[in-house]
Amino acid sequence: MRTLDGLSATLGAVALGVVDDDGVDWRLQTLEGWDGSEVRAEYTDRESDHGSWASPVYLGSRPITLAGTIIAPSQELLEGAMEDLRAAVGLDDTLLTVWETTPKQATVRCSGKPLMQYVTDTRATYSVMVTAADPRRYSTTLSTGTTALPSATGGLTPPLTFPITFSATTVAGAITAVNAGTFETRPLLTIAGPVASPSVSALYPDGTVRQLLYSLDLAAGDVLVIDTDARTVVLNGAVSRRRFLTVSGGWPVLPAGATVTYRFASPTYNAAPTLTATWRSAWM
């Protein structure tokens, strides 16, 4: 496979902006919508005054159009390439990756009729439209961190010799997460038992703290997954436990360009349980 000059992307199993192993030339000439998403906002005129009252502003979905030309060594290979592209523009979630200097990806679905037009028996134009329900453009690198509950080491050991030096230190219990992007991202937090009433605290650079407090115990083999984007709490992949989670200060997201420390805690120490955080840096 040889990369062509210009735009380069991968939609599902189809690479665009390359010459593939069959000698098919996939030229990507248009990538519309990758530069920004729709915006949702409302403005209500102020009665007997200038201006308007502005609602909160949210990003909407991100419609994306990919268009270009396919040049194949034969009609058979051209037809096969066109079928591959139709299959890639699926009705289910499909990964779109754009190979910028910092590669980024989005999960998309088909949102328009694929348009393909023969120019000759070995050349055709194409235009496909997909939409990312989540407008963020994510890093292709999945970041992850795992920690056990905090434990103390050192301290006082008899017999004591004066003067006494207090040297106890707390180890583990924290994950440092960095969002290198320009838009907030939302981690997936996984707690593996056994652990009594676990909690996760997010410590922000400005000193604020957001906490997730789970009121039940997890037995050995239990896995609790907290999705801070979907705002779901699922035990062992099947049972919702959202009603047992208290959110204090807001859901613990990762702001743009920020470093956040996630602390794992429990009223009872146990060496076995772990907290794992996974996330991707995100861009607008």
Q) Under the side-chain contact (heavy atoms from CB on, under 4.5 Å) criterion, do D227 and W251 qualify, and how do the steps go? A) CA-CA 10 Å; D227 188 331; W251 287 87; over 6 Å; no
**Q.** Criterion side-chain contact (heavy atoms from CB on, under 4.5 Å) on V253 and R210, from CA distance to verdict
**A.** CA-CA 9 Å; V253 301; R210 298 182 181 184; 3.8 Å; yes
Q: Under the side chain to side chain donor-acceptor pair (under 3.5 Å) rule, what do T146 and T276 come out as? Steps first, then yes or no, please.
A: CA-CA 4 Å; T146 299; T276 299; 3.0 Å; yes
Q: Go through S201 and Q211 one step at a time and tell me if the side chain to side chain donor-acceptor pair (under 3.5 Å) criterion holds.
A: CA-CA 4 Å; S201 301; Q211 285 188 312; 3.0 Å; yes
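Although no hydrogens or angles enter the test, the distance criterion places a donor-acceptor pair under 3.5 Å between the side chain of T185 and the main chain of R280. N179 contributes a side-chain N or O that, together with a main-chain N or O of F183, makes up a donor-acceptor pair within less than 3.5 Å. Side chain of W279 to main chain of V178: a donor-acceptor pair is present (N/O by atom type, distance under 3.5 Å, no hydrogens or angles). A donor-acceptor pair under 3.5 Å links the side-chain atoms of S139 to the main chain of T141, judged by distance alone. Between the side chain of S240 and the backbone N or O of V234, no donor-acceptor pair lies under 3.5 Å. Side-chain atoms of T120 come within 3.5 Å of backbone N or O of R123 as a donor-acceptor pair.
Taking 4.5 Å as the limit, every side-chain heavy atom of N270 sits out of range of all side-chain heavy atoms of V195. With a 4.5 Å cut-off on side-chain heavy atoms, L235 and L218 count as touching. A heavy-atom distance below 4.5 Å is found between the side chains of Y269 and S151. Considering only heavy atoms from C-beta on, P252 comes within 4.5 Å of T228 through its side chain. Looking at T94 and C110, their side chains never come closer than 4.5 Å, going by heavy atoms from C-beta outward. Within the 4.5 Å cutoff, the side chain of L275 has heavy atoms near those of the L189 side chain. A heavy-atom distance below 4.5 Å is not found between the side chains of F264 and S199. Put simply, the side chain of D45 does not reach to within 4.5 Å of the side chain of W53, judged on heavy atoms.
Here S266 contributes atom OG and L149 contributes atom CG; the two are 5.5 Å apart, rounded to the nearest 0.5 Å. To the nearest 0.5 Å, atom CG of residue L85 and atom CG of residue L11 are 7.0 Å apart. Distance check: Y58 OH to S37 OG gives 14.0 Å after rounding to the nearest 0.5 Å. Note that CZ of R40 and OG of S61 are 9.0 Å apart. Values are rounded to the nearest 0.5 Å. Within the model, atoms CG of L212 and OH of Y262 stand 9.0 Å from one another, a figure rounded to the nearest 0.5 Å. Here the CZ atom belonging to F244 is positioned 6.5 Å from the OH atom belonging to Y214, to the nearest 0.5 angstrom.
Both L7 and W26 sit in one connected hydrophobic cluster of ILVMFWY residues. Membership requires side-chain heavy atoms under 4.5 Å apart, directly or through other members. Hydrophobic clustering (ILVMFWY, side-chain heavy atoms < 4.5 Å, transitive): V89 and M129 are in distinct clusters. Taking hydrophobic clusters as Ile, Leu, Val, Met, Phe, Trp and Tyr residues chained together by side-chain heavy-atom distances below 4.5 Å, V130 does not share a cluster with L95. L115 and V128 are members of different hydrophobic clusters when ILVMFWY side chains are connected at heavy-atom separations under 4.5 Å. One hydrophobic cluster, built from ILVMFWY side chains closer than 4.5 Å, cannot hold both L28 and V19; they sit in different ones.
For A220, the side chain to side chain contact (heavy atoms under 4.5 Å, CB included) partners are P194, not counting sequence neighbours. Not counting sequence neighbours, the partners of R109 by the salt bridge (Lys or Arg N to Asp or Glu O under 4.0 Å) test are D93. Remark: E100 pairs with K104, R137 by the salt bridge (Lys or Arg N to Asp or Glu O under 4.0 Å) rule, at least two apart or across chains. Residues passing the salt bridge (Lys or Arg N to Asp or Glu O under 4.0 Å) test with D49, sequence neighbours excluded: R46.
Applying the under-4.5 Å side-chain rule to Ile, Leu, Val, Met, Phe, Trp and Tyr, the cluster around L213 consists of that residue alone. In the hydrophobic clustering, L203 connects to V209, either directly or through intervening members, whenever side-chain heavy atoms lie under 4.5 Å apart. Grouped by direct or indirect side-chain proximity (heavy atoms under 4.5 Å, Ile/Leu/Val/Met/Phe/Trp/Tyr only), L188 sits with V223, V225.
Closest approach of D217 to S197, counting heavy atoms only: OD1-N, 3.0 Å. Here the closest non-hydrogen pair linking I175 and G145 is CD1-O, 3.2 Å. Contact record, A81 with V24: CB-CG1, 4.0 Å, taken as the closest heavy-atom pair. Contact between G181 and S281 at its shortest, heavy atoms only, is N-CB, 3.8 Å.
Enclosure of atom CG in L142 by more than 12 non-hydrogen atoms of other residues, nucleotides or ligands within 6.0 angstrom is indicated. Residue M82 places its CE atom among more than 12 non-hydrogen atoms of other residues, nucleotides or ligands, all under 6.0 Å distant.
A salt bridge (Lys or Arg N to Asp or Glu O under 4.0 Å) check over residues 265-274, counting only residues at least two apart or in different chains, returns nothing. Contacts classified as salt bridge (Lys or Arg N to Asp or Glu O under 4.0 Å) and involving residues 180-200 (residues at least two apart or in different chains) are given here: R136-E184, E184-R186, R186-D229. Within the structure, salt bridge (Lys or Arg N to Asp or Glu O under 4.0 Å) pairs that include any residue of residues 239-261 do not occur (at least two apart or interchain). Listed by first and then second residue, the salt bridge (Lys or Arg N to Asp or Glu O under 4.0 Å) pairs involving residues 8-25 are D25-R27 (not counting sequence neighbours).
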Could you go through residues 64-78 and list every donor-acceptor pair under 3.5 Å that involves a side-chain atom there, pairing it with any protein atom two or more places apart or in another chain?
{"unit_1": "T69", "atom_1": "OG1", "unit_2": "Q29", "atom_2": "OE1", "d": "3.3"}
{"unit_1": "S74", "atom_1": "OG", "unit_2": "L77", "atom_2": "N", "d": "3.2"}
{"unit_1": "Q75", "atom_1": "NE2", "unit_2": "E79", "atom_2": "OE2", "d": "2.9"}

